[in-house]
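What follows is a single structure, written as structure tokens, with notes after it.
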Amino acid sequence: MSGGAPSLGGARGPVLALHGGAGAFSAERIPPARIAEMRRDLGLALDAGVAVLERGGSALDAVVAAVTVLEDSPVFNAARGSVLRSDGSVRMDASVMCGRTQRAGAASLLRSTRNPVQLARALLEREQEVLLAGSGADALAVELGLAQCPPEYFVTDYRRAQLERLRARVPGEAERAVTPEGASEEEEGQTVGAVARDQAGHLAAATSTGGTTSARTSRIGDSPILGAGTWAQDESCAVSATGAGEFFLRAAFAHEVHARVALQGLPLDVAARQALQHVVRLGGHGGCVAVDSQGNVSAPFTTLAMPRAYQTPAGDRRIWILERGAGPGSG
Ligand code: ASP
């Protein structure tokens, strides 16, 4: 398993950690310009989230600010730049959870809402429904005044080519084209997520994705499902997951990390790695970012890569794109 050592080691004060998706991407497969864009946009997302935390804002505001930047970036699989479904369309999922109140919001199969994480946040605030899906969810976003975009805003040439490559494969070839970690070569990851601890010690998590390439139009993964892709509870930790969503759903992954910290008293990094091993035992792969109430950060992953970044306003700021075995939680 890559990723690793709680190198932040209990940083007191605010912390923000991001992931840009666990997946099968490597320097040979991804153009250098795209990797540079990922690095730049993760940096901009850190800036946005840390600015919130530095002015005494909430962890919830910080994760939404950071994920909004990553949704607006065309190089991540969330909102603009999402992977394409089997019919060539984009359908987007997001969720957000506040560790202080355990209020949460999530939206799935969105087609026009520019920032799915902002609809998830609005649902959290409304405290009526927790999870909305499909055209009714986009309609509510319109009612709430959230920006809408036409389908072409979300679709990039890069994702069109990715879908075409997958469609061009003869039956059976897709199964063979897997990396040693078990991920399809077309699954580059690039889902986005953020976890934060604010100055008051409160936690929050948010996750946003376009799902998986060539998925059924009605398919929903772990990202909008609380307890699978996202969890936050002040007494334990905040978690945002990424990877083959079906396995994270079956493992109740994000809640599992919380339970191992809260009920078993395990250190965050041990809890996250054990929960990830459970996903691997089920046949899945992926990773997560997590922060605990002491400010420890963990970012393990089992795939070829997982872009990730963290910053403490005390000045410790790191961004990794392709590097393995480096970073919070890395040895
Ligand atoms: N977990 C996401 C999903 O299954 C995809 C990813 O993280 O790459 O929809």
Given Arg165 and Gln162, is the side chain to side chain donor-acceptor pair (under 3.5 Å) satisfied, shown in steps?
CA-CA 5 Å; Arg165 281 198 303 276; Gln162 209 173 28; 5.7 Å; no
Check the pair Arg159, Asn77 against side chain to side chain contact (heavy atoms under 4.5 Å, CB included), reporting the backbone distance first and the verdict last.
CA-CA 9 Å; Arg159 298 303 186 194; Asn77 172 20; 3.6 Å; yes
Between Leu84 and Val90, is a side chain to side chain contact (heavy atoms under 4.5 Å, CB included) present by the stated rule, with each step listed?
CA-CA 5 Å; Leu84 304 184; Val90 162; 3.5 Å; yes
Would you sort out whether Thr191 and His19 count as a side chain to side chain contact (heavy atoms under 4.5 Å, CB included), showing the intermediate values?
CA-CA 8 Å; Thr191 284; His19 70 74; 4.1 Å; yes
Test log, rule side chain to side chain contact (heavy atoms under 4.5 Å, CB included), inputs Met38 and Asp41:
CA-CA 5 Å; Met38 285 183 186; Asp41 292 348; over 6 Å; no
Between Thr68 and Gln118, is the side chain to side chain donor-acceptor pair (under 3.5 Å) condition met? List the steps.
CA-CA 8 Å; Thr68 296; Gln118 289 183 12; 3.1 Å; yes
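Side-chain contact between Thr156 and Val75 is absent, with no heavy-atom pair separated by less than 4.5 Å. Between Val192 and Thr209, every side-chain heavy-atom pair lies at or beyond the 4.5 Å cut-off. Two residues are said to be in side-chain contact when any heavy atoms from C-beta on lie closer than 4.5 Å; Val96 and Leu60 meet this criterion. With contacts defined as side-chain heavy-atom distances shorter than 4.5 Å, the pair Pro74/Glu37 qualifies. Taking 4.5 Å as the limit, every side-chain heavy atom of Ser208 sits out of range of all side-chain heavy atoms of Ser223. In this structure, Leu53 and Gln311 have side chains that are not in contact, with every pair of non-hydrogen atoms separated by 4.5 Å or more. Between Val155 and Arg160 the shortest side-chain heavy-atom distance falls below 4.5 Å.
Listed for the Ser95 side chain is no donor-acceptor partner under 3.5 Å among the backbone atoms of Ala106. Checked by atom type and distance alone, the side chain of Asp198 never pairs as donor or acceptor with a backbone atom of Ser58 at under 3.5 Å. No donor-acceptor pair under 3.5 Å is formed between the side chain of Gln102 and the backbone N or O of Arg100. Between the side chain of Arg308 and the main chain of Cys288, no donor-acceptor pair closer than 3.5 Å is present. The backbone N or O of Asp72 sits less than 3.5 Å from a side-chain atom of Arg80, completing a donor-acceptor pair.
Among residues at least two apart or in separate chains, salt bridge (Lys or Arg N to Asp or Glu O under 4.0 Å) pairs with a member in residues 201-223 are Arg219-Glu246. Residues in residues 43-52 take part in these side-chain hydrogen bond (donor to acceptor under 3.5 Å, both in side chains) pairs, two or more places apart or across chains: Asp47-Arg317.
For Arg250, the side-chain contact (heavy atoms from CB on, under 4.5 Å) partners at least two apart in sequence or on another chain are Phe247, Leu282. Judged as a side-chain contact (heavy atoms from CB on, under 4.5 Å), and not counting sequence neighbours, the contacts of Ile30 are Phe25, Arg34, Ile35, Tyr158, Glu188, Gln190. Scored by the salt bridge (charged side-chain N to carboxylate O under 4.0 Å, His left out) test, Glu71 finds no partners at all (sequence neighbours excluded). In this structure Arg111 satisfies the side-chain contact (heavy atoms from CB on, under 4.5 Å) test together with Ser89, Arg91, Asp138, sequence neighbours excluded. Residues passing the side-chain contact (heavy atoms from CB on, under 4.5 Å) test with Thr101, sequence neighbours excluded: Cys98, Arg103. For His255, the ring pair (Phe, Tyr, Trp, His ring centres under 6.0 Å) partners are Trp231, His258, not counting sequence neighbours. By the salt bridge (charged side-chain N to carboxylate O under 4.0 Å, His left out) test, Asp234 pairs with no residue at all, sequence neighbours left out. Partners of Phe76 according to the ring pair (Phe, Tyr, Trp, His ring centres under 6.0 Å) rule, which considers only residues two or more places apart in sequence or in another chain, do not exist here.
Here the CZ-NE2 distance, from Arg281 to His278, works out to 6.0 Å after rounding to the nearest 0.5 Å. Atom CG in Asp93 sits 3.5 Å away from atom OG in Ser108 (nearest 0.5 Å). For the atom pair CZ of Arg121 and CG of Leu123, the computed distance is 11.5 Å after rounding to the nearest 0.5 Å. Separating the OG1 atom in Thr242 from the CZ atom in Phe253 is a distance of 10.0 Å, to the nearest 0.5 Å. Between atom CG of residue Leu16 and atom CZ of residue Arg197 there is a gap of 13.0 Å, rounded to the nearest 0.5 Å.
Through direct or indirect side-chain contacts shorter than 4.5 Å among Ile, Leu, Val, Met, Phe, Trp and Tyr, Leu249 is connected to Leu109, Leu131, Ile220, Ile225.
Taking 4.0 Å as the cut-off between side-chain N and carboxylate O, Arg260 and Glu256 count as a salt-bridged pair.
Cluster membership for Leu18 and Leu322, using ILVMFWY side-chain heavy atoms within less than 4.5 angstrom, is shared. Residues Val289 and Val69 do not share a hydrophobic cluster, defined by chaining ILVMFWY side chains whose heavy atoms lie under 4.5 Å apart.
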Return all side-chain donor-acceptor pairs below 3.5 angstrom for residues 143-152, not counting sequence neighbours, or 'none' if the list is empty.
residue: Gln148; atom: OE1; partner: Ser112; partner atom: OG; Å: 2.6
residue: Gln148; atom: NE2; partner: Thr113; partner atom: OG1; Å: 3.3
residue: Gln148; atom: NE2; partner: Leu146; partner atom: O; Å: 3.1

